[in-house]
Amino acid sequence: MIKGETIILIEKTITGKNPIGEPIATSQEVEVEDVLIGTPSTDAVVQDMDLYGKRLAYVLGIPK
């Protein structure tokens, strides 16, 4: 049987706007249980780096 791990995600919520109209966000930690963690394929790493300029480190399988 496959067993997932508990991870903590940071959820940002917009709570208002500052005097010049930019959004103000607050962060809240949310625990998610039974998440499957895997390594990305080589193709996914290269494509993500080209599209977003960020390196893909893990692939998460988050349950509904």
If hydrophobic clusters are built from ILVMFWY residues whose side chains come within less than 4.5 Å, do Ile37 and Ile62 share one?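 Yes, same cluster.
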Looking at CG of Asp34 and CD of Glu5, how far apart are the two atoms once the value is rounded to the nearest 0.5 Å?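 It comes to 10.5 Å.
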What side-chain donor-acceptor pairs closer than 3.5 Å can you find for residues 6-19, not counting sequence neighbours?
residue : atom : partner : partner atom : Å
Thr15   : OG1  : Ile24   : O            : 3.3
Asn18   : OD1  : Ile20   : N            : 3.2
Asn18   : OD1  : Gly21   : N            : 3.1
Asn18   : OD1  : Glu22   : N            : 2.8

Do Leu60 and Val32 share a hydrophobic cluster, counting only Ile, Leu, Val, Met, Phe, Trp and Tyr and linking them when any side-chain heavy atoms are less than 4.5 Å apart?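 Yes, it is one cluster - the side chains of Leu60 and Val32 are joined through contacts under 4.5 Å.
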